[in-house]
*Asks:* 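Provided herewith is a single structure, encoded as structure tokens, for subsequent inquiry.
Quick caveat: nothing in here was measured; it's all calculated off a predicted structure.
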Amino acid sequence: MMVKPALRYAMLALMVSALLGCSSVDYNNYSEQASQTEADISQGLLAQLLAESATRTPQTSVATLTDLVNVPQLQQFITRALANNPSLQQSVVALNMAYAQHGITSASRLPSVAAGFSGSATEDSDDSYTTDITVSWELDLWQKIADSSNAALKDIASSQASLQSAKDLVAANVMRSWLDISLKQQLVAIETQRLAVLDNNQALIMARYRVGLGSLEDLDNASTSAASTRATLASYQEQLAQSQRELTLLTGQWTGKDLAAEVAAQFPTVLNPISSLGQQTLGRRPDIQAAFYNIEAESLRTDAAYKAMLPSISLAASLTDIAQSPSDALLTGPLWSVLGQLSAPIFQGGQLTSQAELARLTTEQRYWVYQETLLNAVNEVENTVGQEYSLAKQQQHLTDAQQSAERSVVSYEQKYRQGLVDIFDLLTVQQQTYDIEAQLATTIYNRLINRIDLGLALGLGVSA
């Protein structure tokens with residue numbers, strides 16, 4: 001029984017409509033949800049932090065991470081690190097790989113051309129040579145190939161954000177290493193001063209002991225303190241050398257014995273990035289950007305997976321020439337042919353449906369990865385802001401303690417010379433003074449390091 005043309009067209013339209021319905025499965029728009037969530041959280045969090053810091057922090061223009069520390073030589077180290085750091089170069093290669101993958105995907109949108117030449121020889125028959133050129137092209141009716149190509153572009157954007165994150169981390173590590181060298185130099189200086197005072201005490205006690213004004217126990221206590229300080233000083237000196245080597249390592253260049261960096265012993269000024277909150281949003285963080293682009297990429301791949309169940313149309317044209325000699329077969333009298341093909345998947349055991357569902361679940365997974373990244377970012381901002389205020393209080397208390405300890409040292413030295421206190425009391429007060437000085441230097445260092453961490457948490461980075 002023959003089917004009428006109108007009925008055939010109706011059946012074809014019904015089949016296409018059904019397949020279109022399969023491709024438009026209603027799944028959540030995770031990209032919009034993620035964008036809205038980030039906007040809401042950023043607005044609420046930053047408004048809260050601005051309200052807390054309005055009366056505490058002067059407004060300072062901070063646009064990039066390197067604006068926090070203005071030391072020209074430090075900037076040179078950062079520039080060298082960004083150019084030569086091996087871990088950063090791995091991120092550069094990853095970005096180039098994303099570009100290459102996009103080229104592979106985009107090639108599917110263009111016609112393909114293939115040429116072939118073959119020859120055969122059969123016993124008792126003439127030789128045969130065949131030349132053919134074939135041009136084929138799949139029409140992207142449903143934008144399936146375009147979706148895959150756009151997904152690859154989102155992968156490139158994600159890789160670019162990851163590269164920016166790697167750059168920011170390298171710059172931050174160089175700044176941390178610079179501050180660490182300053183701290184170690186200060187600790188070495190403190191221990192050197194402590195040792196000089198202990199040596200003077202030991203000489204004074206020895207002189208008093210020789211004239212019968214001191215005891216052997218006083219001399220032993222002074223010798224013990226001096227020896228312990230020498231051991232601590234040797235440890236700090238090696239830690240300083242290691243910090244200098246670490247700074248050189250971050251630049252990606254080994255310079256042998258020429259490892260000395262002209263780092264000042266005093267800490268450089270590190271601005272408080274809270275002053276830039278009015279211009280910052282969490283959406284500027286590269287890790288959040290990369291997570292968002294991953295959602296968009298998987299959403300496009302999900303669309304492409306559903307569209308794979310729709311009919312496809314492909315065109316092919318070829319020129320073919322068959323001759324008994326190679327020269328005659330070079331398309332001297334070719335035959336041409338054109339083929340148009342419409343194909344649609346009917347039954348593949350649920351493979352396409354499962355692939356589409358897998359793509360949708362992958363998109364949902366990326367969404368929750370984004371949520372986790374966003375929440376971690378909020379937590380980092382809150383923790384570093386809290387640390388800024390806590391370390392500021394600690395620094396003030398330790399400054400007060402240092403001033404009191406210095407007055408106590410002067411008083412105990414006078415009393416010891418008068419014989420009112422013994423050497424153990426004097427050593428205890430002196431040790432306490434230098435301990436507080438070292439603790440103060442460490443606290444200032446931690447506060448400056450925390451400001452760099454806060455800059456990263458707020459999305460400050462190096463120039464792209």
*Asks:* How would you list all residue pairs meeting salt bridge (Lys or Arg N to Asp or Glu O under 4.0 Å) that involve residues 394-406, not counting sequence neighbours?
*Replies:*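 Every candidate salt bridge (Lys or Arg N to Asp or Glu O under 4.0 Å) pair involving residues 394-406 fails, so no pair, neighbours aside, qualifies.
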*Asks:* Mind checking side-chain hydrogen bond (donor to acceptor under 3.5 Å, both in side chains) for Glu238 and listing every partner two or more places apart, or none if nothing turns up?
*Replies:*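 For Glu238 the side-chain hydrogen bond (donor to acceptor under 3.5 Å, both in side chains) partners, ignoring immediate neighbours, are Gln242, Arg245.
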*Asks:* When you check the gap from the basic side-chain N to the acidic O, do Arg301 and Asp147 get nearer than 4.0 Å?
*Replies:*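 A salt bridge is absent here (no side-chain N lies under 4.0 Å from a carboxylate O).
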*Asks:* Answer yes if the side chains of Ser390 and Gln394 hold a donor-acceptor pair under 3.5 Å, and no otherwise.
*Replies:*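 Yes, because at least one side-chain N or O of Ser390 sits under 3.5 Å from a partner of the opposite role on Gln394.
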*Asks:* State which residues pass side-chain hydrogen bond (donor to acceptor under 3.5 Å, both in side chains) with Ser228; sequence neighbours excluded, sorted by chain then number.
*Replies:* none
*Asks:* Under the salt bridge (charged side-chain N to carboxylate O under 4.0 Å, His left out) rule, collect the residues that match up with Arg417, sequence neighbours excluded.
*Replies:* none
*Asks:* Going by the rule side-chain hydrogen bond (donor to acceptor under 3.5 Å, both in side chains), which residues pair with Glu191 if we only count those two or more places apart in sequence or in a different chain?
*Replies:*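 With sequence neighbours excluded, Glu191 shows a side-chain hydrogen bond (donor to acceptor under 3.5 Å, both in side chains) to Arg194, given in chain and number order.
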*Asks:* Without swapping roles, check the side chain of Ser182 against the backbone of Ala264 for a donor-acceptor pair under 3.5 Å.
*Replies:* yes
*Asks:* Do the side-chain N and O atoms of Ser463 and Thr64 include a donor-acceptor pair separated by under 3.5 angstrom?
*Replies:*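 Not at all, the side chains of Ser463 and Thr64 share no donor-acceptor pair under 3.5 Å.
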*Asks:* In terms of side-chain heavy atoms, does Thr105 have a donor or acceptor partner in Ser149 at a distance below 3.5 Å?
*Replies:*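 Result is no, nothing qualifies.
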*Asks:* Say whether Asn29 and Gln33, considering side chains only, have a donor N or O and an acceptor N or O under 3.5 Å apart.
*Replies:* no
*Asks:* Treating Asp425 as the side-chain partner and Val421 as the backbone partner, does any N or O pair qualify as donor plus acceptor under 3.5 Å?
*Replies:* no
*Asks:* Are the side chain of Thr373 and the backbone N or O of Val369 linked by a donor-acceptor pair below 3.5 Å?
*Replies:* yes
*Asks:* Please check if atom OH in Tyr412 has more than 12 non-hydrogen atoms from other residues, nucleotides or ligands closer than 6.0 Å.
*Replies:* no
*Asks:* Any side-chain heavy-atom pair from Thr399 and Leu440 closer than 4.5 angstrom?
*Replies:* yes
*Asks:* Using a 3.5 Å cut-off and no angle test, enumerate the donor-acceptor pairs between side-chain atoms of residues 449-461 and protein atoms at least two apart in sequence or in another chain.
*Replies:*
residue, atom, partner, partner atom, Å
Asn450, ND2, Thr384, O, 2.8
Arg451, NE, Glu388, OE1, 3.2
Arg451, NE, Glu388, OE2, 3.4
Arg451, NH1, Val270, O, 2.4
Arg451, NH2, Glu388, OE2, 3.0
Asp453, OD1, Arg176, NE, 3.2
Asp453, OD1, Arg176, NH2, 2.6

*Asks:* Using salt bridge (charged side-chain N to carboxylate O under 4.0 Å, His left out) as the criterion, list what pairs up with Asp180, not counting sequence neighbours.
*Replies:* Lys184
*Asks:* Just wondering, do Glu382 and Val378 contact through their side chains at under 4.5 Å, heavy atoms?
*Replies:* yes
*Asks:* So which pairs with a foot in residues 85-100 pass salt bridge (Lys or Arg N to Asp or Glu O under 4.0 Å), sequence neighbours left out?
*Replies:*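 Matches after skipping sequence neighbours: none remain.
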*Asks:* Less than 4.5 Å apart, side chain to side chain, heavy atoms only: is that true for Leu315 and Ser136?
*Replies:* no
*Asks:* Can you list everything that forms a salt bridge (charged side-chain N to carboxylate O under 4.0 Å, His left out) with Glu364? Sequence neighbours excluded, please.
*Replies:*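 In terms of salt bridge (charged side-chain N to carboxylate O under 4.0 Å, His left out), with neighbours along the sequence ignored, Glu364 is linked to Arg360.
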*Asks:* Among residues at least two apart in sequence or on other chains, which ones pass side chain to side chain contact (heavy atoms under 4.5 Å, CB included) with Thr192?
*Replies:*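 Applying side chain to side chain contact (heavy atoms under 4.5 Å, CB included) to Thr192 gives Val188, Leu233.
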*Asks:* When you look at CG of Asn84, are more than 12 heavy atoms from neighbouring residues, nucleotides or ligands closer to it than 6.0 Å?
*Replies:* yes
*Asks:* Can you give me every donor-acceptor pair (side chain of residues 90-100, partner residue at least two apart or in another chain, under 3.5 Å) with its distance?
*Replies:*
residue, atom, partner, partner atom, Å
Asn96, ND2, Val92, O, 3.4
Tyr99, OH, Gln160, NE2, 2.9

*Asks:* Under the side-chain hydrogen bond (donor to acceptor under 3.5 Å, both in side chains) rule, collect the residues that match up with Ser87, sequence neighbours excluded.
*Replies:* Asn85
